[in-house]
Amino acid sequence: MTIRVYNTLSRSKEDFVPREPGVVAMYVCGPTVYNHIHIGNARTFLTFDVIRRYLTFRGFDVRFVQNITDVDDKIIARAAEEGRPPAELAAEYTLAFRAAMDALGVERPTVQPKATETIPGMIEMTERLIKTGHAYVVDGDVYFSVRSFPGYGKLSGRNIDDLESGARVDVDERKQDPLDFALWKAAKPGEPHWPSPWGEGRPGWHLECSVMSEQELGLPFDIHGGGSDLVFPHHENEIAQSEAATGTQFARYWLHGGMLQINSEKMSKSLGNFTLLKDVLAAYPAPVLRLLMLQTHYRSPLDFSSDRLDDATRSYERLVTPLRNLEWAKRNRAVPTEQPAHADEIAAIEAAPEAARTAFAAAMDDDFNTAGALAALFDLVRALNGFLESHGIGDNARYAGRLDAAADTMRQLLGVLGVRIDTSSYTAEYPPLVLEIARDLAGYDGVDTRAAVEALLAARTVARNERNWAAADAVRDGLASLGLTVEDTAAGSRVVHRPAG
RNA sequence: GGCGACGUAGCCAAGUGGCAAGGCAGAGGCCUGCAAAGCCUUUAUCCCCGGUUCGAAUCCGGGCGUCGCCUCCA
């Protein structure tokens with residue numbers, strides 16, 4: 001079965017056929033490093049991380065290039081505000097960006113070039129464009145002439161005349177056409193600058209993507225990705241530059257991610273709802289945020305709120321629980337009933353992983369439908385839970401192999417979505433306050449939190465056996481006050497620490 | 001003004017011609033001392049009006065509503 005992708009260029013879903021069988025050349029616009037990235041940025045990067053992972057899962061060798069824009073008006077402005085060198089600011093936020101991506105579980109690009117390290121290539125492309133009559137020099141600035149490129153507007157579905165009729169295009173007398181954009185900007189005093197045939201200056205924003213993608217991938221490469229707000233003018237301009245300079249097609253499939261909103265409003269500084277990724281990750285585990293985002297198709301708008309994060313936290317728990325319960329059952333050899341499973345029950349649990357794989361791939365093949373893929377996984381969760389509920393691993397762990405197969409499939413497919421599953425939450429570190437509770441309720445006077453929890457559970461078991469519900473519930477309530485939930489299972493009691501929310 | 005999306009249950013959301021996925025929340029039941037976790041059952045005139053079709057959430061036309069882009073934006 002072929003993968004189908006929605007191509008902005010054709011405004012339709014197309015069969016995905018890479019230029020070279022088995023190899024995908026992919027470029028995704030990266031951040032301008034003038035601040036910590038916000039969750040809108042994060043959504044886009046997460047989207048293309050999943051697309052990359054899925055293509056890899058489907059057997060493609062993916063070469064993934066992402067730029068870092070480390071010279072730009074916004075960087076210069078912010079550095080001036082803070083009274084320090086732009087390069088220092090850019091370096092700091094480059095590191096912060098990489099750290100945030102690591103924390104989100106986004107795989108590192110194959111290559112991650114910086115704009116400041118691509119200056120010679122950008123000068124070279126600008127020279128080519130001037131020679132071929134697609135660009136002109138004015139006072140040390142170089143502009144691309146949009147009228148010189150007949151295909152201008154083909155990506156965003158606009159034409160030059162429509163665009164000019166809009167009143168919002170700035171008028172610069174020195175430009176031949178208001179839509180012409182800068183390839184090279186003459187440096188003002190105090191700005192970063194590099195020598196060029198047109199004097200000291202710095203590159204325009206659109207140019208780096210054209211140059212880097214050609215250098216690292218060659219033209220035409222397979223997938224160009226970014227947020228849908230980049231369709232115009234950024235990606236339109238990339239196409240114009242690259243195709244005018246090379247005479248060949250630039251990118252074959254254009255994929256654009258939908259915008260993220262906060263509480264149904266556009267994220268903006270003036271509304272005060274500018275949420276940074278690092279702040280979200282400080283409050284919620286990365287897999288929860290990932291799950292929230294993957295429950296909506298990547299091209300649809302996504303409304304972000306803390307309520308939705310809380311919902312996603314419970315969804316995440318639903319994924320973790322069966323894996324945790326299986327581990328617990330294997331460790332404790334718990335057998336809920338002596339009743340052996342019927343042949344049809346065994347057939348069902350044996351068929352479940354393959355059914356999930358098939359449904360997962362069918363959803364992902366259809367323009368990376370992660371919400372559908374998650375539904376396949378939740379169906380597998382139900383199959384696992386159901387079997388575990390009625391038969392556990394069986395006597396002598398006779399069913400463990402079949403259950404492991406289902407669990408392994410879950411882990412693998414969740415891995416394709418980049419969702420890390422942490423089943424260790426019932427063996428995690430416990431807060432020091434359990435020592436106090438254990439001293440009061442279980443007579444424990446040591447300093448080992450885990451032993452303290454064991455002592456509390458043992459005390460509760462004794463109390464329950466004596467039908468002393470008040471004492472038993474005191475233990476449970478005490479642990480609950482620390483965010484620890486007591487669960488009674490066929491193999492005894494355990495404590496589960498759940499993420500916030 | 002130009003271009004383009006979207007409107008599916010209380011909330012989120014998949015589904016582009018053939019009995020409406022999934023998650024969260026709710027209800028009932030099972031299990032439990034009570035819980036938790038889990039299981040079972042349950043919750044939809046698919047924004048409105050026309051049209052095409054044996055058959056429409058899905059295609060076409062109109063209307064209403066929400067949103068994005070057109071300026072730096074992921």
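Order of the sequence lines fixes the chain letters, A, B, ..., with proteins taken first and strands second; residue numbering starts at 1 for each chain.
With centroids closer than 5.5 Å and planes inclined by less than 30 degrees as the test, A:Trp469 and the base of B:G33 pass as a stacked pair.
At least one side-chain nitrogen or oxygen of A:Ser300 sits closer than 4.0 Å to the OP1 or OP2 atom of B:A14. For A:Asn41 and B:A74, the shortest distance from a side-chain N or O to OP1 or OP2 is below 4.0 Å. Close to B:A25, at under 4.0 Å from its OP1 or OP2, lies no side-chain N or O of A:Arg318.
Nearest nucleotide to the side chain of A:Asn385, out of B:G38, B:C40, B:A74: B:G38. In the set B:A74, B:C24, B:C34, B:C24 carries the atom at the smallest distance from any side-chain atom of A:Arg314. When distances are taken from the side chain of A:Arg464 to each of B:C67, B:G33, B:G22, the shortest belongs to B:G33. Set against B:G33, B:C24, B:C69, the side chain of A:Asp473 has B:G33 as its closest nucleotide. For A:Asp311, taking side-chain heavy atoms from C-beta onward, the closest of the listed nucleotides B:A21, B:C39, B:G23 is B:G23. For A:Asp488, the listed nucleotide lying nearest its side chain is B:A35; candidates were B:G23, B:C24, B:A35. Nearest nucleotide to the side chain of A:Thr32, out of B:C24, B:A37, B:A74: B:A74. Taking the side chain of A:Asn369 as heavy atoms from C-beta on, and the options B:G15, B:G33, B:G68, the nearest nucleotide is B:G15.
Considering A:Asp141, A:Asp73, A:Asp72 in turn, A:Asp73 is the only one that fulfils the salt bridge (charged side-chain N to carboxylate O under 4.0 Å, His left out) rule with A:Lys185.
Of the two residues contacting RNA chain B, namely A:Glu487 and A:Phe378, the nearest-nucleotide position lying further toward the 5' end is that of A:Phe378. Between A:Arg11 and A:Phe45, it is A:Arg11 whose nearest contact on RNA chain B lies nearer the 5' terminus.
In terms of modelled atom types and a separation under 3.5 Å, the side chain of A:Tyr93 and the main chain of A:Thr32 share no donor-acceptor contact.
B:A56 and B:A36 are spaced 45 Å apart, taking the P atom of each and rounding to whole Å. To the nearest whole angstrom, the two P atoms, one in B:G38 and one in B:C6, are 35 Å apart. Across B:C3 and B:G63, the matching P atoms stand 15 Å from one another, rounded to whole Å. B:G23 and B:G18: their P atoms are spaced 23 Å apart (whole Å). Across B:U45 and B:A25, the matching C1' atoms stand 23 Å from one another, rounded to whole Å.
Ionic pairing of A:Arg4 and A:Asp365 is not present here: no N-O contact between side-chain nitrogen and carboxylate oxygen is shorter than 4.0 angstrom. Between A:Arg299 and A:Asp367 a salt bridge is recorded (basic side-chain N to carboxylate O distance below 4.0 Å). Using a 4.0 Å cut-off between a side-chain N of Lys or Arg and a carboxylate O of Asp or Glu, A:Arg174 and A:Asp180 do not qualify as a salt bridge.
Atom P of nucleotide B:C70 and atom CE of A:Met259 are separated by 10 Å, given to the nearest angstrom. Going from atom NE2 of A:His297 over to atom P of B:G7 covers 13 Å, rounded to whole Å. In this structure, CZ of A:Arg324 is placed 9 Å from C1' of B:A37, rounded to the nearest angstrom. Taking atom CZ on A:Arg476 and atom P on B:A36, their separation rounds to 8 Å, with Å as the unit. Rounded to an integer number of Å, the gap from A:Arg43 CZ to B:A13 C1' is 12 Å. Nucleotide B:G23 holds its C1' atom 8 Å from the CG atom of A:Leu291, rounded to whole Å. As rounded to whole Å, 12 Å separates atom C1' of B:C72 from atom CD1 of A:Ile75. If you measure from atom CG of A:Leu479 to atom C1' of B:A36, you get 13 Å, rounded to the nearest angstrom.
Residues A:Asn67 and A:Thr69 bring a donor and an acceptor atom of their side chains to less than 3.5 Å of each other. Using a 3.5 Å distance cut-off with no hydrogens or angles, the side chains of A:Tyr152 and A:Arg147 do not pair a donor with an acceptor.
Look at B:U42: its Watson-Crick or wobble partner, with both distances under 3.5 angstrom, is B:G26. B:C69 is paired with B:G2 under the Watson-Crick or G-U wobble criterion, all donor-acceptor distances under 3.5 Å. The pairing partner recorded for B:U53 is none, the criterion being a Watson-Crick or G-U wobble arrangement whose two distances lie under 3.5 angstrom. Under the Watson-Crick or G-U wobble criterion, with both distances below 3.5 Å, B:C34 is left unpaired in every strand shown.
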Nucleotide N/O to protein N/O under 3.5 Å, stretch nucleotides 26-29 of chain B:
none

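Within 4.0 Å (heavy atoms only), A:Arg299 reaches no atom of the nucleic acid at all. Nucleic acid contact for A:Arg158: base, since at least one base atom lies under 4.0 Å from a heavy atom of the residue. At a threshold of 4.0 angstrom between heavy atoms, the contacts of A:Ser156 are confined to the sugar-phosphate backbone, with no base atom among them. Residue contacts for A:His38: at a heavy-atom cut-off of 4.0 Å it reaches a base atom on one of the strands shown. Contact annotation for A:Gly157: backbone-only contact, meaning every heavy-atom pair under 4.0 Å involves sugar-phosphate atoms and none involves a base. A:Thr47 comes within 4.0 angstrom of no nucleic acid atom, judged by non-hydrogen atoms across all strands. As judged by a 4.0 angstrom heavy-atom cut-off over every strand, A:Leu260 is placed among the base-contacting residues.
For A:Arg11, the CZ atom sits in a packed shell: over 12 heavy atoms of surrounding residues, nucleotides or ligands are nearer than 6.0 Å.
Using cut-offs of 30° and 60° for the angle between ring planes, the A:His206 and A:Phe181 rings count as perpendicular.
If you take CD on A:Glu487 and CZ on A:Arg476, they are separated by 11.0 Å, rounding to the nearest 0.5 Å. To the nearest 0.5 Å, the span separating CG on A:Asn41 from CG on A:Leu260 amounts to 9.5 Å.
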